[in-house]
Amino acid sequence: MYRKSKQIYLFIFIVLAITSCSRNKKVDVSNIPVDVKIERFDYDFDALRTKPMAQQAVYLQNKYGIFYKDFIERVLGVGSAADTGYFATLRRVFAGKAYTDLKHDVDSVYSGSMDKQNEELTDAFRRIKYYYPQKKIPKVYAYFSGFQTQTSIGDGYVGIGLDLFLGANSRFYPALVESFPHYLSRRFTPDNIAPRVAEGIAREDMFAESDSDKSLLAKMVYNGKILYFMDQVLPDVADSVKIGYTTKQLKWCDDNKANIWAYFIEENLLYETDYQKIQTYLTEAPFTPGLGEKNESAPKLGVWTGWQIVRQYMEKNPEVTLQQLMADGDAQKILNGAKYRPK
């Protein structure tokens with residue numbers, strides 16, 4: 001009897017080990033029929049400057065559909081795309097030095113077809129399609145956002161604001177320091193395009209945060225699930241890029257994970273629902289007050305800790321699929337199942 005029980009436990013262990021190994025193995029998605037080609041709306045938009053404007057506007061409306069309407073009415077904010085009243089504003093924009101300078105810098109960074117970004121997004125979208133076969137893959141448009149947003153998610157499209165991916169040393173960013181401090185603009189690089197697109201799709205399209213997620217724990221686990229999803233669809237992207245840390249900040253978190261967790265427990269923060277108290281551990285910042293010395297701590301420690309909880313939960317529960325994880329809104333269950341006790 002003892003020998004039979006031992007064999008059963010050994011079999012279970014082997015099955016779990018195989019499942020765990022297959023989860024960590026990079027999935028081959030080369031045969032999934034998805035190919036991303038970023039469409040350069042910025043080029044077609046600039047043609048409004050050189051071609052008959054009314055004729056080119058019709059062309060843009062036909063080619064880009066709802067995106068053109070959103071761009072004119074929401075990004076530029078120059079009136080309705082259904083009439084021609086905004087043409088005069090566009091002529092002033094095209095005549096200005098600000099537009100000329102921005103176009104020059106965007107063209108110098110993104111001349112040609114953006115092959116590298118196409119390749120990275122193709123791989124990411126194939127992986128999304130692998131895990132979610134019914135997911136409709138959006139069109140991807142590159143445009144000037146007016147330094148408003150890196151990515152925008154709309155009806156059937158993802159927009160990439162190239163003006164916020166010009167490189168950390170872009171001449172434009174020092175003047176925008178109030179909106180985008182250096183700890184943010186250092187990440188405004190071409191290598192961040194695919195991660196930010198994948199994150200935008202996850203947060204805004206596929207897995208919007210529930211209004212009932214009020215506690216710090218719920219928000220930690222939600223953010224952890226988003227980053228775990230990014231682990232699966234961006235397997236070659238560094239953890240520091242996914243979460244937006246420097247390598248030094250990432251190392252600090254790993255070195256201090258036990259202290260971070262102890263702090264959350266001792267300060268009774270896990271079930272705190274006052275956003276003013278918990279936003280410190282969730283939002284962008286240069287560091288986290290109250291933790292570490294000489295302001296060396298990493299920011300958004302709730303997000304990082306939630307990521308580790310979800311990773312450990314999936315490691316300890318190899319029978320749980322990605323789809324089941326992302327659909328599970330029970331943060332307490334995930335914490336319990338993770339048995340998260342960092343040392």
Side-chain angles (χ1 to χ4, degrees), residues 20-21 23-30 36 38 109-110 114-128 130-131 140 150-151 158 160 162 164-170 173 180-203 207 220 222-257 260 282-288 292 296-315 322 325-326 342:
S20 180
C21 286
R23 173 173 285 161
N24 294 327
K25 185 178 179 181
K26 187 176 174 181
V27 176
D28 180 8
V29 294
S30 58
V36 174
I38 299 169
V109 177
Y110 297 104
M114 298 181 68
D115 287 341
K116 184 173 185 292
Q117 287 75 30
N118 284 331
E119 183 179 328
E120 291 169 346
L121 287 174
T122 291
D123 188 73
F125 282 15
R126 284 177 178 175
R127 293 179 189 283
I128 291 174
Y130 172 82
Y131 291 109
V140 184
Q150 287 190 303
T151 61
V158 177
I160 300 170
L162 294 180
L164 289 179
F165 290 105
L166 291 175
N169 296 318
S170 168
Y173 300 152
F180 303 111
H182 178 67
Y183 62 82
L184 292 179
S185 64
R186 66 172 180 77
R187 311 193 311 245
F188 291 179
T189 63
D191 287 344
N192 269 277
I193 286 180
R196 301 291 71 83
V197 168
E199 182 177 14
I201 289 173
R203 291 185 182 278
F207 315 110
M220 287 167 65
Y222 168 75
N223 282 282
K225 286 161 58 179
I226 295 296
L227 284 161
Y228 186 83
F229 174 82
M230 292 173 69
D231 285 339
Q232 309 313 305
V233 302
L234 300 165
D236 298 323
V237 173
D239 285 356
S240 57
V241 175
K242 277 179 271 193
I243 195 170
Y245 281 173
T246 63
T247 52
K248 185 177 178 181
Q249 288 173 331
L250 194 66
K251 184 178 185 304
W252 185 91
C253 285
D254 192 55
D255 291 345
N256 292 275
K257 55 182 175 287
I260 296 168
L282 300 167
T283 55
E284 299 286 359
F287 60 91
T288 300
E296 65 180 0
S297 62
K300 51 186 183 184
L301 293 177
V303 175
W304 182 85
T305 302
W307 193 10
Q308 310 319 305
I309 290 170
V310 172
R311 280 176 163 177
Q312 192 159 310
Y313 172 75
M314 293 301 280
E315 183 180 325
L322 177 64
L325 169 72
M326 300 309 293

Query raised in the report: How about R203 and N223: does a side-chain donor come under 3.5 Å of a side-chain acceptor?
Result: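 Yes - a donor-acceptor pair under 3.5 Å links their side chains.
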Report summary line: Closest non-hydrogen contact found for P299 with Q249 is CD-NE2, 3.5 Å
Query raised in the report: Who are the salt bridge (charged side-chain N to carboxylate O under 4.0 Å, His left out) partners of K225, not counting sequence neighbours?
Result: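 Per chain and number, K225 pairs via salt bridge (charged side-chain N to carboxylate O under 4.0 Å, His left out) with no residue.
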Report task. Using a strict 4.0 Å threshold on nitrogen-to-oxygen distance, state whether R196 and E199 make a salt bridge. Result ->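 Yes, R196 and E199 are salt-bridged.
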Query raised in the report: Per the side chain to side chain contact (heavy atoms under 4.5 Å, CB included) rule, which among Q150, E120, M114 passes with I193?
Result: M114
Query raised in the report: Any side-chain heavy atom of D191 sitting closer than 4.5 Å to one from V241?
Result: no
Query - Q308 CD to I260 CD1 distance, which is reported to the nearest 0.5 Å - result: 9.0 Å
Query raised in the report: Ignoring hydrogens and geometry, is there a side-chain-to-backbone donor-acceptor pair from S240 to T246 under 3.5 Å?
Result: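 No.
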Report task. Indicate the atoms forming the closest heavy-atom contact of I128 with F229, along with that distance. Result ->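 Taking I128 first and F229 second, the nearest heavy atoms are CG1-CZ, 3.9 Å.
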**Report entry** I201/F125 under side chain to side chain contact (heavy atoms under 4.5 Å, CB included): CA gap, chis, key distance, verdict
**Finding:** CA-CA 10 Å; I201 289 173; F125 282 15; 3.5 Å; yes
Query raised in the report: Where do I38 and N118 come nearest, in terms of heavy atoms and distance?
Result: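 Shortest heavy-atom contact: N-OD1, 2.7 Å.
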Query raised in the report: So, R186 side chain and A168 main chain: donor-acceptor pair closer than 3.5 Å or not?
Result: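 Judged by distance alone, no pair lies under 3.5 Å.
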Query raised in the report: Which value, rounded to the nearest 0.5 Å, describes the distance between L227 atom CG and Y222 atom OH?
Result: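 Those atoms lie 10.5 Å apart.
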Query raised in the report: Going by heavy atoms in the side chains, are V303 and M220 under 4.5 Å from each other?
Result: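 When only atoms from C-beta onward are counted, M220 and V303 do not touch, as no gap falls below 4.5 Å.
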Query raised in the report: What's the shortest heavy-atom distance between L301 and C253, and which atoms?
Result: CD2-SG, 3.6 Å
Requested in this report: Carefully, step by step, assess F165 and I160 under the rule side chain to side chain contact (heavy atoms under 4.5 Å, CB included).
Outcome: CA-CA 9 Å; F165 290 105; I160 300 170; 3.9 Å; yes
Query raised in the report: Can D28 and S30 be counted as having a side-chain donor-acceptor contact under 3.5 angstrom?
Result: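 The criterion, which ignores hydrogens and geometry beyond distance, is satisfied for S30 and D28.
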Query raised in the report: Hey, is the main chain of D239 close enough, under 3.5 Å, to the side chain of Y245 for a donor-acceptor pair?
Result: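 Not confirmed, Y245 side chain does not pair with D239 backbone.
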Query raised in the report: Would you call D231 and R311 a side-chain contact if the rule is heavy atoms closer than 4.5 Å?
Result: yes
Query raised in the report: Are side-chain heavy atoms of Y131 and M326 found at a separation under 4.5 Å?
Result: no
Query - All ring pair (Phe, Tyr, Trp, His ring centres under 6.0 Å) counterparts of Y183, not counting sequence neighbours - result: none
Query raised in the report: Side-chain contact, heavy-atom cut-off 4.5 Å: E284 with L184?
Result: yes
Query raised in the report: Does a sphere of radius 6.0 Å around CD in E119 hold more than 12 heavy atoms from other residues, nucleotides or ligands, not counting ones at 6.0 Å or beyond?
Result: no
Requested in this report: Could you tell me which residues satisfy salt bridge (charged side-chain N to carboxylate O under 4.0 Å, His left out) with D236, sequence neighbours excluded, listed by chain and number?
Outcome: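 K26.
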Requested in this report: Could you tell me which residues satisfy side chain to side chain contact (heavy atoms under 4.5 Å, CB included) with D123, sequence neighbours excluded, listed by chain and number?
Outcome: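 D123 satisfies side chain to side chain contact (heavy atoms under 4.5 Å, CB included) with V29, R127, P235 once adjacent residues are dropped.
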Query raised in the report: CG of D115 to OG1 of T122: how many Å apart, nearest 0.5 Å?
Result: 10.0 Å
Requested in this report: Ignoring hydrogens and angles, tell me if any N or O in the side chain of S170 forms a donor-acceptor pair with the backbone of L166 under 3.5 Å.
Outcome: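 Pair absent, no side-chain N/O of S170 close to backbone of L166.
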Query raised in the report: Sequence neighbours excluded, which residues qualify as ring pair (Phe, Tyr, Trp, His ring centres under 6.0 Å) partners of F188?
Result: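 Per chain and number, F188 pairs via ring pair (Phe, Tyr, Trp, His ring centres under 6.0 Å) with Y173, F180.
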Query raised in the report: What pairs with S297 under side chain to side chain contact (heavy atoms under 4.5 Å, CB included), at least two apart in sequence or on another chain?
Result: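 Listed in chain order: W252, F287, T288, L291.
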Query raised in the report: Can you find a pair of side-chain heavy atoms, one from K116 and one from P190, that are under 4.5 Å apart?
Result: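 When only atoms from C-beta onward are counted, P190 and K116 do not touch, as no gap falls below 4.5 Å.
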Report task. Work out which heavy atom in A198 is nearest to a heavy atom in V233; give both atom names and the distance. Result ->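 Scanning both residues completely, I find the closest heavy atoms to be CB-CG2, 4.3 Å.
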Query raised in the report: When you look at CG of N169, are more than 12 heavy atoms from neighbouring residues, nucleotides or ligands closer to it than 6.0 Å?
Result: no
Requested in this report: Taking the side chain as every heavy atom from C-beta outward, state whether I243 and K300 have any atom pair closer than 4.5 Å.
Outcome: yes
Query raised in the report: Within the side chain of K251, is there an N or O that forms a donor-acceptor pair under 3.5 Å with the backbone of K248?
Result: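 Absent.
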